[in-house]
Amino acid sequence: MTNLKEKNSPRRLKNKLINLFRAEPIIPQSNSEEDDSTHNGFSTSSSTASPDYLSDMNPPSTSPSPYNLSPWNPTMPSPFTKSPWVTYGGFFDEGPSTGLVGSLVREEGHVYSLAASDDLLFTGSESKNIRVWKNQHEFTGFKCSSGFAKAMVISNGKIFTGHQDGKIRVWKVSPKDPTVYKRVASLPLMKDFIKSSINPSNYVEVRRHHNTVWIRHFDAVSCLSLEEEAGLLYSGSWDKTVKVWRLSDFKCLESIKAHDDAVNTVAVGSDGLVFTGSADGTVKVWRREMTKSKGGDTRHMLVRTLLQGESAVTSIAVSAESGILYAGSSDGKVNYWDMNRRFAYGGALRGHKMAVLCLAVSGRLVVSGSADKSLCVWRREKKGGAHTKVTSLTGHEGPVKCVAVEEEKYQVGSGFNFRDWGQKWVVYSGSLDRSVKVWRVAEDMEPQLELNSRTPTHVIGAGRSPLHVPAGTGTDGPNGWDLLRNWKEHGNKRV
């Protein structure tokens, strides 16, 4: 009886309560749409805190979630990261004068989108993580509950990502911590969607017996383009439309029934011109006009159709410097037109054996990425306007899905005067082999047959060597790129 009283004494119960509250609390993770914010891999305490960003700095929970049980979980430690051959130094101070400089490797799915801004590189893959790299090191990241981003653009510190679920998400870095990114909007805004849903006239038929409000994409957002002077964002979708968004309040101003099949690419030109390319094989030119309505809406008129063919148009790039419009297609060609000569057809650049999937233009250089796993670098000559194929960049183990080019801001090591070759550029290429490769090219370099990855490079990031590709991650494995299942260009020509 005495022992029972001692066990239930007030002091003993008090000690039990103290120990209970000292225990490590279990914080449930949320999968809601509103949870999209991270800080170096840890959820923030804001109202928009997201599920934890998956990173080596933040190992996943040991709870038996389907993602943690997946054999493709990228956060599992790799023996390769302990290798003495892995170099994490800044590779712009050394390395080859041209060709492959390094690889950003993450075994977490095909890379579908990337964007470069100043010293930051943003990459989106099949995983829910959007990774941020700084000086070729993994800097931070943020996570979206909807899945991978198919398109990505950056403007005034905001990152716009287009997703498979038909939504566009807007992210912004915290002014207090550069490693924290928060989702500030999801387009269309919920208030605009509810307001449009009330009025029956705002519904359009998207499929047989299926209607939806016109301000919303009902299929994947495949491409984005910014018109910063006019304060507009253009989004193209597999739903065959192009929508126009105002950056100041994220309002959808217009929905253009642009093509008869999926819109694969959209690009903004000068003088209010907008260019779209589609799986229907056409390249169309639109002219923007601002209406006199109170809301300052836009209206786009079709000016002309530049290309009508059987091959899907997969990518468009505009050179503001030379006034040339480039369009890549699934037949492996890059057609181009001279906008200064009323869109006179200039010809076709032929350098790929398979579909062209992406294009980028900077200075006088044109870079094309293809399903044949290579990139071609072209230079537009100052005299005559002809194009010279400078080189081919090879080394990817899968189709090259996205590419970005920016001016190199780093000095090359001593013993080589890179200025002898004119303007210097850094090329980033994302592939379905789950890697992003970094290349160095010069605008006035002598033409070379091929620059490949069989040269000493710096391997950046956590993961396996780019020379070691696990079984099934190439173009023919059951878990890799399946031509009929994952890559749709050869089936319904969508990218």
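The figures that follow rest on heavy atoms only: side chains count, while hydrogens, waters and symmetry mates do not. The first residue of the sequence shown is numbered 1, and numbering continues consecutively from there. What you see is a predicted model; the values in this text were computed from it and never measured.
- Using cut-offs of 30° and 60° on the angle between ring planes, the pair His300 and Tyr234 is perpendicular.
- No donor-acceptor contact under 3.5 angstrom links the side chains of Thr212 and His210, judged on distance only.
- In this structure, a donor-acceptor pair under 3.5 Å is present between the side chains of Thr282 and His259.
- Between the side chains of Thr276 and Trp286, at least one donor-acceptor pair of N or O atoms lies under 3.5 Å.
- Classification of the Phe250-Phe160 ring pair by plane angle, with boundaries at 30° and 60°, yields perpendicular.
- In this structure, Glu321 does not pair ionically with Arg380, as no charged nitrogen and carboxylate oxygen lie closer than 4.0 Å.
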Next item on the list: Check step by step if side-chain hydrogen bond (donor to acceptor under 3.5 Å, both in side chains) holds for Ser429 and His396.
Entry: CA-CA 9 Å; Ser429 58; His396 277 295; 2.8 Å; yes
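- A salt bridge does not link Asp192 to Lys195: none of the charged side-chain nitrogens sits closer than 4.0 Å to a carboxylate oxygen.
- Side-chain contact between Val403 and Trp439 is absent, with no heavy atoms from C-beta onward closer than 4.5 Å.
- One finds a salt bridge joining Glu138 and Arg131 here, because a Lys/Arg side-chain nitrogen approaches an Asp/Glu carboxylate oxygen to under 4.0 Å.
- Side chain to side chain, Tyr326 and Asn335 fail the donor-acceptor criterion of an N or O pair below 3.5 Å.
- Between the side chains of Lys243 and Ser235, no donor N or O sits under 3.5 Å from an acceptor N or O.
- A salt bridge between Asp165 and Arg169 is present, with a side-chain N of the basic residue lying under 4.0 Å from a carboxylate O of the acidic one.
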